[in-house]
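Throughout, protein chains are lettered first and strands after them, A, B, ... in sequence-line order, and every chain is numbered starting at 1.
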Amino acid sequence: MNPQTPAPRECTLLILEDGRILAQNVTPALARLLLALNPKDATLRQRANPLPKP
Amino acid sequence: MRLATPQAGVRIFSAQVEVGEELELIPAYTLALSGCNLRCCFCITGRESWDARAGVPFSAADAARPARRALEAGQARSVLILGGEPTLAPAWLREFATHLPKKAPLVLKTNGICSATTRAALDGVFTHWLVDYKFGNDACALALARVGGYLAALRETLLWAAGRSELIIRHLLLPGHVQCCWEPVAHWLARHLPGVKVSLRPGYWPAWQAARQPGLGRPLGSSEAEAALAIAGSAGLNLIP
């Protein structure tokens, strides 16, 4: 068995010709980047700043 | 009940904290197991999901260690196991859960195509079942995921899971399949699981072998997303972000 930490997945973006941006495997860092591009997106704001319960 | 040998053949192809899942679950420490029992042509992780030999073998204890750390450090609210199809490794999942804090939200992300024996083996292991309801009819399931008897098998799992855990049903909107897939899914949910949490996902990505299927080589249109929301509204579904 492998004692290492499993490898992280790549985060990938797809920018459509109509300006929509699709994202896969969104990490907190990527969510913050996307929020900078679209600061009015309320759902994205929640993803960029999720508050874990203790 | 006879279970497979723990850890046998379980491989992991990714693990990281993610925030793309349902809001009530994020941030989630996600762990993706290689291998799947479906062959969805649009699978976003098709190479690893279709190949049970992809990734790296991990014992349940080793895989749980970073998940536990993420929970304890406040980096994750939940631990989410996906694939591939994780229900192919029920014994490994049971052991994995024993290495996490008892009250930690533990989410099984599954396509729902599993046997009654597997469901029984996983009874009480997960706090949440996050089940994909991908297709609204058996013909689309056969054409796009090469699975027969899809609806009967999937619905059996949904009705079982509804009584045993927090259930969230996810539907990825497929271009050209709003009427044939989403609409019957919405009506079935309204009738058989009223009030269940439904996560409607508009972010279809034409990945893997999708372009081989007529109509799936493009993203979802805005009008299709609007039509899908209207169907959800008329069915009275409990949509969650």
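Counted within 6.0 Å of CZ on Arg47(B), heavy atoms from surrounding residues, nucleotides or ligands total 12 or fewer; the atom is thus considered open. The 12-atom threshold is exceeded at CG of Leu37(A), counting heavy atoms of other residues, nucleotides or ligands nearer than 6.0 Å.
A 4.5 Å side-chain heavy-atom check between Pro241(B) and Gln46(A) finds every atom pair outside the cut-off.
Not counting sequence neighbours, Asp41(A) has no partner by the salt bridge (charged side-chain N to carboxylate O under 4.0 Å, His left out) test. Every residue meeting the salt bridge (charged side-chain N to carboxylate O under 4.0 Å, His left out) condition with Arg201(B), not counting sequence neighbours, appears here in chain and number order: Glu22(B).
Separation of atoms CZ (Arg47(A)) and CD (Glu18(B)) is listed at 11.0 Å; rounding is to 0.5 Å. Distance CG/Asn25(A) to OG1/Thr45(B): 8.0 Å, rounded to 0.5 Å. Distance check, rounded to the nearest 0.5 Å: CG of Leu16(A) to CH2 of Trp205(B) gives 8.5 Å.
Each ring pair (Phe, Tyr, Trp, His ring centres under 6.0 Å) pair with one or both residues in residues 212-232 of chain B, not counting sequence neighbours, would appear here, but there are none.
Options Thr12(A), Leu30(A), Asp18(A) differ in how many heavy-atom pairs under 4.5 Å they form with chain B, and the most are formed by Thr12(A).
Inspection of non-hydrogen atoms places Pro206(B), Pro219(B), Leu220(B) of residues 206-220 of chain B under 4.5 Å from chain A.
Interface residue Leu14(A): backbone and side-chain heavy atoms are both found under 4.5 Å from chain B. Interface remark: Ala23(A) contributes backbone atoms only to the contact with chain B (heavy atom separation under 4.5 Å).
The nearest pair of heavy atoms linking Thr27(A) to Val19(B) is O-CG2, 3.6 Å.
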